[in-house]
Amino acid sequence: MADRYNPQEIEPKWQQRWEADQLYKTEPAGDKPKYYILDFYPYPSGEGMSVGHARNYVPTDVIARYYRMKRYNVLHPMGFDAFGLPTENAAIKLKVDPHGLNEKYSANYVRQYKLMGLSYDWSRLINSAHDDYYKWTQWIFIRLFNSWYDPRQDKATPIDTLVAELSAQGAQALFDYIDGHAEGAATANKGTPAISAEQWRAMSKREQNEYLSNFRLAFQQESTVNWDPVDKVVVADEEVEGGRAWRSGALVIKRTIRQWFFRIPAYAERLINDLDTVDWPEQIVTMQRNWIGKSEGAEVEFQVSSSEFRGPNESSRNSITVFTTRPDTLWGATFMVLSPEHPLVSQIVTDAQRAAVEQYIASAKGETDEQRTAEGREKTGVFTGAYAINPVNKERIPVWIADYVLMGYGTGAIMAVPAHDQRDFEFARKFGLPVKVVVMPPNRVIDGDTLERAYEEKQGVMVDSGPITGMNTGEDGKACIRAATEYCEEMGFGKRRVNYRIRPWLISRQRYWGTPIPIVHTPDGPQTVSESALPVLLPQVKDYEPGPNGESPLASIPEFIHAPNGERETDTMATWACSSWYYIRFADPHNNALIGRSEQIDYWLPVDMYVGGAEHAVLHLLYARMWTKVLFDIGVVKFIEPFKALRNQGMILSPQKQVDEKGREFYEKMSKSKGNVITPDEVIAEHGADALRGYEMFISDFTQTVPWSTQGVPGVRRWLDRVWRIVLAPNDDKGPAAQVSAKDLRRVAHQTILRYERDLKAFSFNTMIAAMMEFTNTLYKARDAGLAGAPEWNESIDILVRMLAPIAPHIAEELWARMGNAYSIHKAAFPVADEAAAKEDEITVVVQVNGKVRDRVTVPASADDETVKQAALVTEGAKRFIDGTTPRQVIYVKGRLVNIVM
RNA sequence: GGGGAUGUGGCGUAACUGGCAGCCGCGCAUGACUUAGGAUCAUGUGCCGAAAGGCAUGUGGGUUCAAGUCCCACCAUCCCCACCA
């Protein structure tokens, strides 16, 4: 009798041996086919990992191990997203250095990973807070700063090319091109003037730099941003949820500060189009598309009526440009609305309305996003006193300001068509403005009573609409929109325009624990630190608290600020910057001279399989895609999408069932504060890493959110125990005799290989484990049939243990050794399925009468259709129902069933 | 308001192209072996019914020889976006 399966004994033993032998060290780049499988690198928290974190690490490890056994050259690395507020806040609270905390937390993560038997190549470990890493984050920042997006080449280009163009011919040709191309607007900041070459040359260096920042891919701009009063830091739009900051949960307030941005809108079109080239979950692709928010429509220019205009400069002609997706409803525009922040407001407001307008602007500024967008909130706004002329029908319409028009979208101004837009309608009703119907739904007369919900009608016939009167909007309404746009273009007051919802990516943070921005502010404007001077090191500080007015802690260190040519930038980069390129660094992680040798990058990238949580759908995954495209444009990488395939794992919840106030059952997330965290450490201590790994895969469909079950791990442990016994002691504890032939056993073995590989590639890990359990059960039956020791038996055991190796690497290694094989099973080949052996030679066909199962019949797999039908017709179950009559129809579904229709 | 997902035994789930609903596991029941069992082995386990049989995949319709799967309507839950013109 063999000794018992004891994971506590064999797991540490093999883990030490593997580490000593560097068993999982990546092979050098070469001609072998490669497979790069990557987990979202984690932020290492002081709490360590829960069993929920292992939900993706285990399956990716299984895949990595599988591809190694399939003789691929596999890159499976790990790193840490170490910068950021949680560590910094912990450091402030504990009054310690965040550098030290980072090392401590990361080391604990590494310990836990090793405990789980994960096969990362630890020689490639990276940490985004180490200066040999953030040096290259700074290097990319410099490239962004020194680039702009040339719409004529449709790519990022050195800023010097723009400087040369400006001094030679000015910006007019560039802006003519942008105006003529509906998609080109995101190249420059809104309102950038088209200066002449003379004007450019007359500018001071500082003014020139100021002008160029309208084009740079990394630029600083005064801007109203979300301010988190608890963490004392600005947060990006993407980090605000329901008016509250993502991390601290504090209500954000608006603040106007100079901030650094990346010009991600310039890449909007490519970020949408290239989604067609990736194998990602449909849901994530949709979310990215919605986030980028492409809208096609038109820009239309409205002249401000001169008779009412009493601005400081009587002779200037003001006009308001609006963006609309419904130019066909232009004839129904009965007023205009500007955003309170619109620069034209102060110029067009009449003296009589000035006080009211200024008061409104002031109160709008003081509001939080939550107040502004609260559910059911009534529209607010103020009349400016000015009027505009609707260019299509020359009607004089009033110009209002209201906070429901956002400065950040479109032109910050709209034409209001209350008959066909809900928001405009609500506004018109509140302030008694006229409503004019221009799209008449079929079979319906719109009068005062039915006006209320007229905007819900999407189709109809155009009325009172000049040249498009009488046109039918049709199925999609595109024809009228096209006709109206063409009319505007002919008449010269409008043009086709594509608009994107996505805003510049806010990247600067007024905090200590981040990558310093490699910029020096000189009298001539901001300049990048020279590449040879990188990295700009994060200095040691005594106090990590941000200043009372939100200054970075770095601002209080004179030695840091001082640079030969000016003052250093004291903001740091948000961690999104670090994570936007780390997957590239793994190709050549310790190169101090280059971001990575191109032969390494070209061999390993892009990532073949990227696995992590769906919560990063529009944050990290969008930013990383933009950086990849910039690096592609400037020739650093040769791929346009960083992650060929993406999969999202579901969350694991606490096993304790809760009941809400309505009596409904639910499960909570695991969290330290709720005291319901289950750690891999405790599970491994009791049942071993292999059982934990097995259950992480078996628990549910990979993408599903599911509560942990404390009963589940022992169930898998029991299976491993059964594997242990059937391999090492097949003749102990025999059951009653069973009917399994050697051929049957061999067939199941080879069928299991096929199922295993199919399920693994489909991320169907739960059914993959189920297939392995079934195979194990078959082996027990085969033992009871007296097959132990037969050649087919030995082959099956060999197959079983090899297939077990990716799932449960420790027990597989131990069994492999005890079977007398040479170390290591993880260097052995994966079994190859014999398709012929996997084929059934008999099939059992279900016999249905009128769709109900009445019998079943077993026939040779080679039997032809007629033979099977005849066999079915003469079964006892069928005969009882046929009862001498002739069936109307007999349907045979190959290998599955015969349906006799009476 | 817009977009998306999900709904199957007591529980986690499975079901390939429209073809036997419930694989695998948990739990439970009975038995065996045991000084003992939170070990192991065997058998059973959707519901109703003694059985024959009938009923079952959120609800109601439809298509089909055949529907968990396709179509229509509805209900419930969850996620994302949201005064985005």
Side-chain angles (χ1 to χ4, degrees), chain A residues 4 241-242 281-284 286-287 289-291 293 295 297 322-326 329 337 372-375 377 379-380 402-406 408-417 420-424 426-427 456 499-503 614-615 617-618 657 664 666 694-695 698-701 703-716 718-719 721-722 725 732-736 755 758 762 764 766-774 776-777 780 784 844-856 887-902:
Chain A
R4 291 179 49 122
E241 245 176 62
E282 198 49 51
Q283 186 197 344
I284 303 290
T286 303
M287 280 167 70
R289 286 220 165 87
N290 292 343
W291 191 265
S295 288
V322 301
F323 172 74
T324 176
T325 55
R326 293 293 304 277
T329 62
V337 187
R372 260 176 53 112
T373 60
E375 194 88 17
R377 181 184 196 237
K379 292 277 179 293
T380 61
D403 64 3
Y404 82 92
V405 175
L406 310 172
Y409 184 76
T411 61
I414 62 158
M415 62 171 200
V417 185
H420 304 293
D421 182 279
Q422 180 172 0
R423 296 151 302 177
D424 296 347
E426 285 167 9
F427 195 82
E456 287 177 353
N499 204 39
Y500 302 94
R501 201 187 74 106
I502 193 169
R503 318 273 160 94
E615 67 274 13
V618 285
K657 193 184 279 181
R664 290 176 305 198
F666 71 101
Y695 186 59
F698 188 59
I699 186 166
S700 155
D701 181 87
T703 59
Q704 218 64 49
T705 292
V706 67
W708 185 256
S709 161
T710 48
Q711 314 272 21
V713 182
V716 175
R718 206 135 50 214
W719 165 57
D721 231 320
R722 279 165 64 77
R725 281 180 279 120
D732 293 357
D733 286 332
K734 270 200 188 178
R755 288 174 69 182
R758 190 193 66 200
S764 183
N766 51 341
T767 54
M768 177 176 143
I769 300 294
M772 288 290 284
M773 288 174 168
E774 284 181 58
T776 310
N777 294 345
Y780 271 79
D784 293 342
T844 299
V845 173
V846 166
V847 181
Q848 291 184 341
V849 178
N850 286 338
K852 290 203 190 296
V853 181
R854 298 300 179 187
D855 213 328
R856 51 201 73 212
R888 278 200 293 143
Q889 206 182 343
V890 179
I891 294 159
Y892 174 48
V893 182
K894 215 158 186 51
R896 291 187 178 272
L897 59 78
V898 175
N899 191 9
I900 300 160
V901 186
M902 299 302 294

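Remember, it's a predicted structure, so these values are computed and weren't measured experimentally.
The separation of rC24(B) from rA73(B), taken at their C1' atoms, amounts to 37 Å, rounded to a whole angstrom. To the nearest whole angstrom, the two P atoms, one in rA76(B) and one in rG58(B), are 16 Å apart.
If you take CZ of Arg888(A) and C1' of rA66(B), they are 13 Å apart, rounded to a whole angstrom. Atom pair Leu406(A):CG and rA85(B):C1' shows a separation of 9 Å (rounding to whole Å applied). Between Asp701(A) atom CG and rG25(B) atom P the separation is 19 Å, expressed in whole Å. Atom pair Leu897(A):CG and rA15(B):P shows a separation of 19 Å (rounding to whole Å applied).
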What does the list of N/O pairs under 3.5 Å between the protein and nucleotides 5-12 of chain B look like, with a distance for each?
from, atom 1, to, atom 2, distance (Å)
rG12(B), O2', Ile699(A), O, 2.3

Pairs: protein N or O with nucleotides 62-65 of chain B N or O, under 3.5 Å:
from, atom 1, to, atom 2, distance (Å)
rC65(B), O2', Asn899(A), ND2, 3.4
rC65(B), O2, Asn899(A), ND2, 2.7

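Residue Arg725(A) places at least one side-chain N or O under 4.0 Å from the OP1 or OP2 atom of rC41(B). For rA85(B), the OP1/OP2 oxygens have a side-chain nitrogen or oxygen of Ser295(A) closer than 4.0 Å. Taking only side-chain nitrogens and oxygens, Asn777(A) comes nearer than 4.0 Å to OP1 or OP2 of rG25(B). Within the structure, a side-chain polar atom (N or O) of Lys852(A) is placed less than 4.0 Å from OP1 or OP2 of rC55(B).
Relative to the side chain of Tyr409(A), the nucleotides rG27(B), rA82(B), rA85(B) differ in distance, and rA85(B) lies closest.
Secondary structure note: stems in RNA chain B built from 3 or more consecutive Watson-Crick or G-U wobble pairs under 3.5 Å occupy B:1-7 with B:75-81, B:10-12 with B:24-26, B:27-32 with B:40-45, B:46-48 with B:53-55, B:58-62 with B:70-74.
Formation of a donor-acceptor pair under 3.5 Å by the Tyr404(A) side chain with backbone atoms of Val337(A) is not found in this model.
Among the heavy atoms of the strands lying under 4.0 Å from Arg722(A) are primed sugar atoms or P, OP1, OP2 only; no base atom is included.
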